[in-house]
> 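Just dropping this structure here.
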Amino acid sequence: MAAVTIDSLLQNPTLVFRPKAKVMLKPPRSLDCSRNRKLPLSRGSCLCSFNPRRTIHVVRASSSETALIGNFDISSSDDILYKDIFPVKRIEKVEGKFFIRLDRSKDQHDWQLTVGCSLPGKWILHWGVSYLGDSGSEWDQPPKGMRPPGSIPIKDYAIETPLKKLSEGDIFHEVKIDFNPSSEIAAIHFVLKDEETGAWYQHRGMDFKVPLVDYLEDDGNTVGAKRGFGVWSGALQQFSNVLLKSEASHADSQNNSIESKDSKNKNRCLEGFYEEQSIVKEVSVGNLVSVAVRKSPETGKVIVCLETDIPGDVVVHWGVCRDDAKIWEIPAAPYPPETTVFKNKALRTLLQPKATGNRSGALFTLDEEHFGFLFVLKLDENTWLKFKENDFYVPLLGTSSVPGQYGQSDSTSEEISSKSYTDGIINEIRNLVSGLSSEKSQKTKKKEVQESILQEIEQLAAEAYSIFRSSITTVPEEVVSETETTKPAVKISSGTGTGFEILCQGFNWESHKSRRWYMELKEKASEISSLGFTVIWLPPPTESVSPEGYMPKDLYNLNSRYGTIDELKELVKSLHEVGMKVLGDVVLNHRCAHFKNQNGVWNIFGGRLNWDDRAVVADDPHFQGRGNKSSGDNFHAAPNIDHSQEFVRKDLKEWLGWLREEIGYDGWRLDFVRGFWGGYVKDYLEASEPYFAVGEYWDSLSYTYGEMDHNQDSHRQRIVDWINATNGTAGAFDVTTKGILHSALERCEYWRLSDQKGKPPGVVGWWPSRAVTFIENHDTGSTQGHWRFPGGKEMQGYAYILTHPGTPAVFYDHIFSHHRSEIASLISVRNRNGIHCRSLVKIVKAERDVYAAIIDEKVAMKIGPGYYEPPSGSQRWSLALEGRDYKVWETS
Amino acid sequence: MEVSVIRSCSQATNPKTELGFSDSRFSFGKFNEKLFSRKPNSVSFESPLRRGKSGLRITAQAAQSDRLPKSKSSTKSKTLNRIRLFAGLPLDVVSGGTVNQFRAISAGLKALKLLGLEGVELPIWWGVVEHESMGKYNWSGYLTIAEMVRKAGLKLNVTLCFHASSQPKIPLPEWVLDIGKTKSNIFFKDRAGKPYRGCLSLAVDELAVLNGKTPMEVYQDFCESFKSAFSAFIGSTITGITMGLGPDGELRYPSHRGFAKSGTVPGAGEFQCYDKNMLHLLKQHAEACGKPKWGLGGPHNAPAYSELPTANTFFKDHGGSWESPYGDFFLSWYSSQLIAHGDRLLSLASSVFSDSAVNIFGKVPLMHSWHGTRSHPSELTAGFYNTATRKGYKEVAEMFARNSCKIILPGMDQSDKYQLKESLSSPELLLAEIGTACNKHGVGISGQNSTVGAPDGLKQIKKNMLSENLNDSFIFQRIGAQFFAPEHFPLFIEFVRKLNQPEPHSGNLPTKEGTTTATDSVHTRSNLSIHMQSA
C-alpha cells in the first residue's frame with residue numbers, strides 16, 4: 001500500500017507516495033501497464049501483462065569472445081581436440097526506477113512535468129494532451145511551446161520526445177515538459193517506450209494521465225490532502241460504472257454533476273507530486289559458453305572442459321551419445337563434483353565458480369569411445385538454455401575441428417521462457433481490469449472495454465470448457481458415438497463435407513513461377529477428379545508481396561502470380577464441372593500494408609479494405625499497431641491483424657462472402673491459425689458457411705532430449721483445443737500424425753502408431769471427423785522442405801492415411817509422380833469400401849517393425865517391414881494392393 | 001451496532017476505500033449510483049458522508065423498525081445487485097490431495113471474476129479430507145483452491161460435506177464405511193432394513209460409535225481442523241461456511257433413494273426410522289407419551305418409495321392416517337428429531353466459528369412433489385411436518401434464527417409450469433412458504449438452482465432473486481463442461497448482465513419509492529454487518 005507523507009504537504013506542496021509496485025518490462029513483448037498511481041488510498045498495485053512472443057534476439061558475436069578464449073582454462077593447448085564457443089542469449093532482469101514528478105519550474109510561474117527512468121535503454125516519451133471540454137478519448141498535440149527540443153510529431157495527435165541524461169553522471173534519463181497551468185490543457189497523457197527493445201509502457205489507450213484540470217494556481221498551502229484526492233476518487237467512481245452499458249449515459253451525468261459540484265465548492269490547487277516506482281526490464285544478455293576437448297596424455301581419457309560467464313548457479317544437464325542419432329546416455333563414473341543422476345537419462349552437474357573472473361566451469365572426464373557430448377544448461381527451475389532449440393553438441397571423436405563450426409554469426413540459442421500460459425492470461429486480465437480503473441473517460445471507450453472484457457471472458461470460458469470437456473471423456477465424445485454414424489451418412493455437417501472427402505493439394509511452392517497455374521491446373525481438372533479426389537485446395541489467390549501468395553496485400557485484388565481473377569473463376573468453374581469442391585487458401589492472420597505511417601512503419605492499408613493501424617495488433621512492436629493485443633501467436637514478417645476489432649471482422653466476413661459468391665469457392669484452407677483465437681474463426685465460418693474448412697495449426701511436437709516422445713497428447717490437444725474453439729466448424733491438419741509417422745517410419749519404431757489407449761496417436765485418434773491427415777505440403781516438402789517426409793517411405797504414409805479415418809489430403813507433387821498409380825489404387829480401395837472420416841480403426845499390431853490395423857472390419861492394412869497377415873476367420877480377406885513395406889487387404 | 005450502520009454507509013458512498021481494481025464488476029457501481037447519487041438530497045436519507053461528519057447516528061433498530069416498511073418494500077423497486085452471486089466448483093475439484101483440471105479451474109475463476117461474480121462455492125468432502133483414518137486430515141488440495149480463489153480476487157463459500165456423493169462417486173471416509181460394515185445401524189434404514197450409506201443416521205449423533213467418539217465430536221474435530229488449516233482465509237477469502245446436515249448436505253431424511261427418472265412421477269418416499277437407534281428413540285418417546293404401542297415402528301400404511309401417495313392410506317387426502325392422532329404423534333416426533341439434529345450441527349458450527357467473520361449456512365431441501373395434496377407426502381417423509389393444516393417451516397426457521405445461521409434453498413430454477421401435472425408439484429408455492437417463514441424470523445436466504453436443471457431455469461432464478469424468497473446470495477450450481485459449454489455459458493453471461501440492469505420503470509420511481517429503495521438496501525447491508533459482528 002502506498003505510504004502517504006502528509007506532513008510534507010504543509011511546507012511544500014509535494015505529495016510523496018511510494019507504492020510498492022513493480023513494473024515488468026519484457027523486450028519482445030508488449031508491455032501493458034497501468035497503475036492506480038492516482039489513488040493513494042486504493043489497493044494501488046501495478047499490473048502488467050505480456051503475451052509471450054517468439055522473437056529471437058541475435059547476440060552478435062563480439063570481441064569479448066576472444067577475451068574468453070584467451071582466458072580459457074586449459075593447461076596446455078597442444079592436445080586440444082576440439083574447442084568451440086557458443087554464444088547464448090538469456091533474459092536478465094534489470095531493476096531500476098521510473099518516476100513522474102509534477103512541480104513548479106524554477107521561475108515559480110510555470111509548472112513542469114518530469115518523467116525519468118533509470119534503466120539503460122533508448123527511452124521515448126510518447127505523449128499528448130487533452131483540452132478542457134474534449135469529449136473523446138483522443139489525444140491532441142500539445143502546443144508548440146510545450147514541446148521540448150528534439151520532439152517529433154506523430155500524426156496529429158501525439159509527439160515523441162526522447163529521454164536524455166542531463167549529464168554523463170546522471171542515473172536518470174529524463175524528459176521535462178513545461179506548461180502553463182492556466183492554459184486550456186486538461187491533462188497530459190503519455191506512454192513510455194523503449195526503442196531499443198520495442199517494449200511499451202502502455203495499455204491500449206489507457207495511458208498515464210496527469211490531469212491538470214480543476215486546479216487553481218494559488219491557494220497552495222491551505223489545501224489539504226483529502227481534497228486533492230477528490231479528483232482521483234472521481235476517477236474511481238467513473239470506473240465503477242464502466243461496465244454498465246445500458247446505464248452509461250445516466251451514470252455519467254450523475255458523476256459529472258457530482259464532480260463539478262465538488263470542484264466548485266472546494267478550491268483546489270495544482271499539487272505537485274513525485275512518484276517513483278521500481279521497474280524491471282528484461283534485457284537480453286549475451287553470454288558465452290566455451291567448450292574444449294582434450295585428451296589426457298596420462299590416462300588416455302577425454303576431458304571436456306566447459307566454462308561460461310553466465311552469473312549465478314548454472315547446472316549442466318548432460319550426457320553422451322554413441323552415434324549421430326545423438327541419443328542421450330549416461331557415461332560411466334567418475335563424474336565431476338556436485339553431479340546427480342536425473343531420471344536415468346542424464347546427469348546434472350553444478351558448475352563451480354572459477355577462482356578468477358566471474359566464470360564457472362567444470363571438467364568432465366570421459367572414456368574415449370564416446371561419440372559426442374550433449375548438454376543443455378539449466379539456469380533455474382524453468383529456464384533452460386539450448387542451442388537453436390536443440391541440445392548443445394560437442395563431438396568427441398572428431399579431431400581438431402575448427403571453432404565456429406556452428407557458424408557463430410547467427411548461432412544463437414534461444415531461451416525457453418517459462419512464463420506459463422495461464423500467467424499470461426491472468427496478467428492480461430488484471431491489466432485489463434486495472435486499465436479500466438485508471439481510465440477516467442468516455443462512453444465510447446466504455447463500450448469497447450466492455451466488449452473486450454466479454455471477449456476475454458469468452459476466451460477463458462472456452463479454455464475451461466475444452467479442458468473440462470476433454471477430461472470428462474478423455475476420448476472425446478465423438479469416438480463414443482461413432483458406432484452410430486458408421487452408416488454412410490450423407491448428412492453434411494458444416495465445414496467437414498460429407499465425411500467421404502479426399503483432398504488434393506493443388507499446388508506446390510513453385511506453382512507461381514509459370515504465372516499461369518490456374519490454366520495449367522484447369523487442364524488437369526478431370527484427371528484429378530478421376531483419381532477420386534473430391535476436394536481441391538487452390539493456392540492463395542490475393543495480390544501478395546511474396547509470389548507464393550502468403551503475404552497478402554489487397555484482399556480484393558485477385559490477380560496473382562497464379563493467374564488473373566478471370567482465370568481463377570474459369571478454373572473453379574471447370575473444377576465444379578468435374579464434381580470437385582474448391583477450397584480457397586485464405587490468409588487471415590496477417591496482411592501487408594500499402595503505406596507507411598509517420599514513423600516509417602508499414603501499417604496503413606490500402607485497397608478496398610483501407611484499414612489503419614487500429615487493425616494491427618498492438619503487441620508486435622515492429623508494426624506499431626493500435627489494436628488490441630493478439631489473441632494468438634505472432635507472425636513477424638507482416639502486420640498481424642487484430643481480429644478483436646469489430647470492423648475488421650465485419651470486413652473479413654464480407655470478403656469471405658464475396659469470395660464464395662464471386663469466385664465460387666466452396667470452403668477454406670485457413671493459413672496460420674495459431675495467430676488468432678479459434679473463436680474468431682468460428683465467427684468467420686458461421687458467416688461464410690463453407691462446405692469444408694481446414695486450419696493450419698502447426699506447432700512443434702514434444703521431444704525429450706532430441707527424441708520424439710511417444711505420447712503426443714499435449715500436441716494433439718492443442719490442435720483439438722483450436723478445433724474446439726471454432727466450435728467444430730473447421731477441421732485441422734493432423735500435424736501430430738505426420739510427426740509420429742516421421743519417427744515411426746524413419747527409425748523403424750512402428751509401435752509409436754498406437755497410443756496408450758490403442759487408438760491412433762494423432763488428432764485422428766481423438767477427433768477423426770475434424771482431422772485432415774497429410775504427409776506433405778508446400779511448406780514441409782516441395783522445394784522448401786521445412787519438414788520433409790522420410791524419403792522413399794511416402795507410400796507407407798499414404799497407405800496409412802488413405803485407409804484410416806480422418807480426411808486424407810494428398811500433396812500435388814506426389815500425385816504427379818511415380819506414386820500416382822499407387823495413390824490412385826489406395827483411393828479406390830478407400831472409396832470402394834466406404835471408408836470415411838469417422839470410420840473405426842482397430843489396431844491389431846503396433847510393434848517395432850510392423851503396424852497393422854483393420855478399418856471398419858472391411859479393410860486391413862499393414863505398414864513396415866515386419867510380417868502381418870489378416871486373420872483367416874469368418875471374414876475372407878483378399879490382398880487389394882501391395883507396395884514397398886505396405887499391404888492392403890479388403891474383404892471379399 | 002451503531003458502528004456497523006455507519007460503516008456500511010461510508011462503504012457505500014466512499015468507493016475509494018472499497019474499490020480497488022478487483023471490484024470491477026458489472027454490478028457495483030450501479031448500486032452506489034442508484035443509492036446515493038440519484039437522490040443526494042433526499043430528505044429522509046441525507047448524503048451519508050455529511051451525516052457521518054455531523055455525527056448523526058441511526059441505530060440498526062431504528063433502520064429496521066422505523067424506516068423499513070417490511071412487507072411493503074415493493075419488489076418492483078428492488079434491485080438485484082445486492083444479491084451476491086456465487087458459482088459452485090465441481091464436486092470433485094479435489095481428489096486425493098490434488099486439484100483436478102487445475103488449468104480449467106483457474107481459467108474459470110478468472111472468467112467468473114471478470115463477469116463480476118462475488119465468489120465460488122467449494123464442496124469439501126469428509127470422505128476426501130479424513131479419508132484414511134480418524135483425525136488424519138489432508139487439506140492440501142483444498143488449500144490450493146482457496147489460494148487460487150484468493151488470487152483471483154474472489155470470495156469463497158465452503159461447504160463441509162459430511163455426506164457422500166454418488167455422481168461423481170465420493171463415498172464417506174473409508175474408516176467410517178469399515179465401521180459401518182459391522183455396525184450397519186450407524187446408517188439410516190428404511191422399512192425393509194436397507195441401510196443408506198450416504199451419511200450417518202441422526203440417531204447416532206451423540207452415541208460413541210466411531211472408535212469411541214460420537215459423530216458430533218468427529219464433526220467438531222473436523223471443523224476445528226478446518227478452521228486452523230484455513231485460518232489465513234477465514235473471514236477474508238472465506239466469507240461463508242455451509243454445514244452439511246444430511247443426505248446431499250440437506251437437512252432431511254434420505255426418504256428418496258436414488259435418482260428419480262426424469263419424466264416419471266416421483267413417489268412419496270419412505271420414512272427412515274428403522275435403524276436400531278431411531279427405533280429405540282421412537283420407543284422411548286412413545287412410552288413417554290403413554291402410547292407404548294405407537295413406538296414399535298413407523299406407519300404401517302405408508303406407501304413404498306416409488307409408489308404414489310394414494311397407493312396406501314397414510315397420505316390419503318381425506319381421512320388419511322396423517323391426520324389421525326397417531327399420525328400427529330409420529331410426524332411430530334419424526335420432524336422434531338430432524339430439527340434437533342440440525343440444531344446440534346448448526347450450533348456446533350456457530351460455536352466453532354463464533355470468533356470468525358463468516359456466515360454459517362445450512363441447506364434445506366425443496367421437497368416440492370405432491371405439494372398440491374393436503375398431506376404433502378414428500379415433505380413428510382423427508383422430515384418436514386408441513387401439511388395443508390400445519391405450517392411446518394416455522395420450527396425450521398426458528399432453529400436457523402436461534403443459531404444465527406442463514407438458510408440455503410435449492411430449486412430456485414424450478415417453476416410450476418414445467419412440473420409434471422400428475423405429481424401435483426409446486427416448487428414456487430413451497431419456496432414462497434419457506435421464504436415467508438424465514439423472513440418472519442429474520443433468517444437470511446441464499447438460493448441455489450437444482451443440480452438437474454430446469455427449462456427456463458435462469459429466468460426463474462431471476463424471478464426469485466427479485467422476490468423475497470432470496471435476500472442474501474445465490475450459488476449457481478455448478479462449474480464444469482456443461483457450465484462453460486457454448487450452449488450454456490453465453491446464456492449465463494446474459495443472465496448475470498441482466499441482473500444488474502434495473503427492472504423496467506424503476507429509474508422513474510417517485511421520490512418516495514426511491515427512498516424506500518435506499519433504506520431497504522441499507523437495511524440489508526446493516527443487517528449483514530450486524531450479523532457478522534454477532535456471529
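Just so it is clear, the structure is predicted and the values come from calculations on it, not from any experiment. By convention in this document, chain letters (A, B, ...) are assigned in the order of the sequence lines, proteins followed by strands, and residues within each chain are numbered from 1.
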> Can you tell me how far the CD atom of A:E458 sits from the CG atom of B:L115, to the nearest 0.5 Å?
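So the CD of A:E458 and the CG of B:L115 are separated by 10.5 Å.
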> Over all heavy atoms of both residues, which pair between B:A111 and A:A461 is shortest? Give the atoms and the distance, please.
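Taking B:A111 first and A:A461 second, the nearest heavy atoms are CB-N, 4.4 Å.
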> Could I get the full list of side chain to side chain donor-acceptor pair (under 3.5 Å) partners for A:D683, not counting sequence neighbours?
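Applying side chain to side chain donor-acceptor pair (under 3.5 Å) to A:D683 gives A:R649, A:K653.
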> Compare every heavy atom of A:A464 with every heavy atom of B:A104, then report the nearest pair and how far apart it is.
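Shortest heavy-atom contact: O-CB, 3.6 Å.
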> Examine whether an atom of B:P490 lies under 4.5 Å from a heavy atom of chain A, and if so say whether it belongs to the side chain, the backbone or both; otherwise answer neither.
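For B:P490, neither part sits under 4.5 Å from chain A.
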> Restricting to side chain to side chain contact (heavy atoms under 4.5 Å, CB included), what partner residues turn up for B:T237, sequence neighbours left out?
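With sequence neighbours excluded, B:T237 shows a side chain to side chain contact (heavy atoms under 4.5 Å, CB included) to B:V149, B:R150, B:L156, B:F233, given in chain and number order.
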